[in-house]
Enquirer: 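I am attaching a structure below and will ask some questions about it afterwards.
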Amino acid sequence: MSKNLVIVESPAKAKTIENYLGADFTVKSSFGHVRDLPEHDMGVDVENNFMPIYEISADKVKVVNELRKLAKEAEEVWLATDDDREGEAISWHLKEALGLPDNTKRIVFREITKTALKNAIGKPRLIDIDLVNAQQARRILDRLVGYELSPVLWKKIRIGKSSLSAGRVQSVAVRIIVEREREIDAFQSKSSFKVTARFDLGQGKVLNAELPKNFETEADALAFLERCLGATFTIKNLETKPAKKTPAPPFTTSTLQQEASRKLSFSVSQTMTVAQKLYEAGKISYMRTDSTNLSEEAMGKAKEQISKEYGTHYHHQRVFKTKSESAQEAHEAIRPTDFSTQVASKDRNEQRLYELIWKRAIASQMADAQLERTTATVGISSTREELIAQGEVIKFDGFLKVYLESSDEEGDEEQKGMLPPLNIGQVLALSDLKATERFTRHAPRYTEASLVKKLEEMGIGRPSTYAPTISTIQKRGYVVKEDREGQQRTFKELTLQDNQIKSKVSSENYGSEKSKLFPTSTGMIVNDFLVSNFQDIIDYSFTASVEKDFDNIADGKIPWQTMIERFYKGFHGKVAEAQEQKIDRSLTSRDLGEDPVTGKKVSVRVGKYGPYVQIGDVEDEEKPKFASLLKGQLMETITFEEAMELFKLPREVGFFEDQALVVNIGKYGPYVKHDGKFYSLATTDDPMAVTEERLIDIIQEKRQADSSRTIREYDENPNAKVLNGKYGPYISFGKRNIKIPKGTEPASLTYEDILKLAEGTEEKPAKAKAPARKPAAKKTKK
DNA sequence: CAGTGAGCGAGCTTCCGCTTGACTT
């Protein structure tokens, strides 16, 4: 056993550090936090100065036991968790859990290099209890908010099949999505006419120019074209200005998620999983960071690589200031551990992400790109308006040699090309002059990654929680990530060509969405409830204001209990008030009108399985009719006409193999039922309009897919099959899935073999919760 | 999984922020 035990948070980091520190040091990791408030209880004694109750987390018992043993054997323990609020708290919890003395040495370093480590070891300090208290305040505030608000939702809004929840971070994330959707719903598109001209310069060269301002009406656009009939077009002015482009800083968690989403179409969680693999393989630095900082050593290595690969004039050292105010900067920016490594993995996605990280980090240490922007003004003999043509020439590519950041704006950033050679006074031959109707666009819906960006800008959430937050709001049923088909619309186009003006009407698809976040009715209802009852908690500035308090606690200016007390007084009062309120049914239902046939009331409500329309009342003699809403329809916005359409389901859409094809919509979306089996419709199929041919296709496709997965079937039992799954072959036996023992050839399994293998396994219950069992359990208690 | 949805009401759910595997079909 070595003399020194060093404890860090991550095992990969432990391994690296051990190599640097030598034989006298054993380096172990805590795997993050080891103690926390209890999961199934508030764990905060509100009556007793908010005293928290901590317990060793279930999955950390083993780690803690091992560390306790090693700590006893060691002469000296060094707490080397991250240099931020959470890291300080982890050290304190370790000290408490391992029974270490108060003077245990605490060391910090922000980059893993030999010098940084030596410096840290030479300058140990004690645990900063003020900083720990700031973390405790953060933890307790989040617990109070989350565990008091969520039960209010359970009591006041019982909808959806998943349990509802609220919290400082997730509720704001949902609010952002809901408000954007409402903004889009209220958006009125305006059309205008954009004028573009094409000139033929001969020898295959073309000049494209446009009018700087659009015309608001077709009449204005037409009048302009008429004025241009027979006009002469001349280059009136040429202006050239130097310009430059500067590289973006190296990646933080949030910017990595955004770029991987735009350039590689990765989901936020996929990015993190792939990055974790690269980190564990030692290929990149830590991937959960809010810092854009590179270590001196890293900048030196980047310089070497750039000079070697592109020449020294491509290098330009840059130190980036971190933008975000909430940044805690315990780590470096995300960068390759070795800049000379360009191939880091055989896995395609790992390699693609690595390349992105490598390029971005390298580019951040490269020279600006030098450009030349040329603006040509085209005068028109018959009118005072002028056309403008713009071009760009790259004089020195600099960092553009390796990397260009992409943008969220759709299609706006067309690459400007070079202008052909032009002279002032040159007369241009017009090929055509067009006025095309264009429409203003609503603000874009959020993607996972652009929501992360927004949250980060608002200082809400941390690098380690962006991905989990995004998945929580989807799991709770507040938000769905979907593709939506666009709609057709027509637009007008006026063309002046060969001294004639022609008008044409064309159609285009607009508003289609891919992998965007949409609020559900549940999300909107819960959001509205929270906004009207807990305005300040889900206010966009709430986190920022409590962060100021946490800073004051960390600076020793106020005791954490004072801050929590002050907050809790007002907050708990509002919780109590909301509990007293009658359930507001208008939140979860809306009247649409009367059925013209029966005169019965038509209303839309949100039930256990989502929003649905109901005709009639449960008290009526005749049972009410129900129909679920389609994807994309919301309780808040559905119209009476759309609602009545739904009652055309279930529809019988023809026959196949002597059985009817019935289209309906279930809990999990639209499906076609045929011969007692269910086949899901694709998201692009409209259940109201899908044809017989298409349905037969769907059935045959599904059968084809199933049969290609089947390795063996059994006459004795149609429910027993050997199938090929994502992770290799397995046995599907009724509702059970059984592992195939190692060394067994799946195709050789007989039915008897399967029965034997099934013996030891338990039948999986259809639903995890067996409702009949619970009351019985209570009886025994009594 | 897929012919629910109200209300009755037992007993359940839940937060944010640090970390990795275990598990899946």
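All figures in this text were calculated on a predicted structure; none of them were measured in a lab. Throughout, a chain's letter reflects where its sequence line sits, starting with A, and its residues are numbered from 1.
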Enquirer: Would A/F678 pass as stacked on B/dA2, i.e. its ring centre under 5.5 Å from the base's six-membered ring centre and planes under 30° apart?
Expert: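 A/F678 ring centre within cut-off of B/dA2 base, planes near parallel; stacks.
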Enquirer: Any chance you could encode DNA chain B as dot-bracket? Rule is Watson-Crick or G-U wobble with both distances under 3.5 Å; [ ] for pairs crossing earlier ones, | for another strand.
Expert: .........................
Enquirer: With sequence neighbours left out, write down each residue that passes ring-ring contact (aromatic ring centres under 6.0 Å, His included) with A/Y279, or none if nothing qualifies.
Expert: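 ring-ring contact (aromatic ring centres under 6.0 Å, His included) check on A/Y279 returns A/Y286.
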Enquirer: Between the protein and nucleotides 7-9 of chain B, which nitrogen or oxygen pairs are less than 3.5 angstrom apart?
Expert:
from: B/dG7; atom 1: OP1; to: A/R585; atom 2: NE; distance (Å): 3.1

Enquirer: Output all residues satisfying side chain to side chain contact (heavy atoms under 4.5 Å, CB included) with A/E280, sequence neighbours left out; order by chain, then residue number.
Expert: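 With sequence neighbours excluded, A/E280 shows a side chain to side chain contact (heavy atoms under 4.5 Å, CB included) to A/Q276, given in chain and number order.
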Enquirer: Would you mind reading off the distance between A/L67 atom CG and B/dC18 atom C1', rounded to a whole angstrom?
Expert: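 Rounding to the nearest Å, CG of A/L67 and C1' of B/dC18 are 15 Å apart.
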Enquirer: Going by the rule ring-ring contact (aromatic ring centres under 6.0 Å, His included), which residues pair with A/F647 if we only count those two or more places apart in sequence or in a different chain?
Expert: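 With sequence neighbours excluded, A/F647 shows a ring-ring contact (aromatic ring centres under 6.0 Å, His included) to no residue whatsoever.
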Enquirer: What pairs with A/F571 under ring-ring contact (aromatic ring centres under 6.0 Å, His included), at least two apart in sequence or on another chain?
Expert: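 A/F567.
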Enquirer: Among residues two or more places apart or on two chains, list those pairs meeting side chain to side chain donor-acceptor pair (under 3.5 Å) that have a residue in residues 141-152 of chain A.
Expert: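 Every pair satisfying side chain to side chain donor-acceptor pair (under 3.5 Å) with a residue in residues 141-152 of chain A: A/R138-A/D142, A/D142-A/R168, A/E148-A/Y568, A/E148-A/H572.
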Enquirer: From C-beta outward on A/T465, which listed nucleotide comes closest to its side chain: B/dT14, B/dG17, B/dT19?
Expert: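 Among B/dT14, B/dG17, B/dT19, the one nearest the side chain of A/T465 is B/dG17.
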Enquirer: In whole angstrom, what separates A/K673's NZ from B/dG3's P?
Expert: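 Value for this atom pair: 7 Å.
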Enquirer: Given atom CD1 of A/I90 and atom P of B/dG17, what is their separation to the nearest angstrom?
Expert: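 Taking CD1 of A/I90 and P of B/dG17, I get 13 Å after rounding.
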Enquirer: Counting side-chain heavy atoms from C-beta on, which of B/dT20, B/dG3, B/dC16 comes nearest to A/M287?
Expert: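 Of B/dT20, B/dG3, B/dC16, B/dT20 is nearest to the side chain of A/M287.
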Enquirer: If the cut-off is 4.0 Å, is A/S10 near the phosphate of B/dT20, judged by side-chain N/O to OP1 or OP2?
Expert: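 Yes.
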Enquirer: Rounded to whole angstrom, note down the P distance from B/dA22 over to B/dC18.
Expert: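 Going atom to atom, P in each nucleotide, I get 24 Å.
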Enquirer: So, do A/F31 and B/dT20 meet the stacking rule of ring centres under 5.5 Å and planes under 30°?
Expert: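 The base of B/dT20 is not stacked with A/F31 (the test needs centres under 5.5 Å and planes under 30°).
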Enquirer: On DNA chain B, check which nucleotide each of A/E547 and A/S165 is closest to and give me the residue with the more 5' one.
Expert: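 Its nearest nucleotide lies further toward 5', so the answer is A/S165.
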Enquirer: If you measure from the P atom in B/dC12 to the same atom in B/dC16, how many Å do you get, rounded?
Expert: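 It comes out at 23 Å once rounded to the nearest Å.
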Enquirer: Using side-chain hydrogen bond (donor to acceptor under 3.5 Å, both in side chains) as the criterion, list what pairs up with A/E96, not counting sequence neighbours.
Expert: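 For A/E96 there are no side-chain hydrogen bond (donor to acceptor under 3.5 Å, both in side chains) partners, ignoring immediate neighbours.
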Enquirer: Residues in side-chain hydrogen bond (donor to acceptor under 3.5 Å, both in side chains) with A/R605, at least two apart?
Expert: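 Result, side-chain hydrogen bond (donor to acceptor under 3.5 Å, both in side chains) vs A/R605: A/S603, A/Q614.
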Enquirer: Without decimals, in angstroms, what is the distance between A/E280 CD and B/dT19 C1'?
Expert: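 Checked: the CD to C1' distance equals 11 Å.
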Enquirer: Atom CD1 of A/I140 and atom C1' of B/dC15: how far apart are they, to the nearest Å?
Expert: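 Those two atoms, CD1 and C1', are 13 Å apart.
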Enquirer: Please confirm whether any donor atom in the side chain of A/R462 sits under 3.5 Å from an acceptor in the base of B/dC18, or the reverse.
Expert: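 No, the side chain and the base share no sub-3.5 Å donor-acceptor pair.
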Enquirer: Ring of A/W154 versus six-membered ring of B/dT14: centres under 5.5 Å and planes under 30°?
Expert: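 Stacking between A/W154 and B/dT14: absent.
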Enquirer: Write down the distance between CG (A/D142) and C1' (B/dC15), rounded to a whole number of angstrom.
Expert: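 Taking atom C1' of B/dC15 as the reference, CG of A/D142 is at 6 Å.
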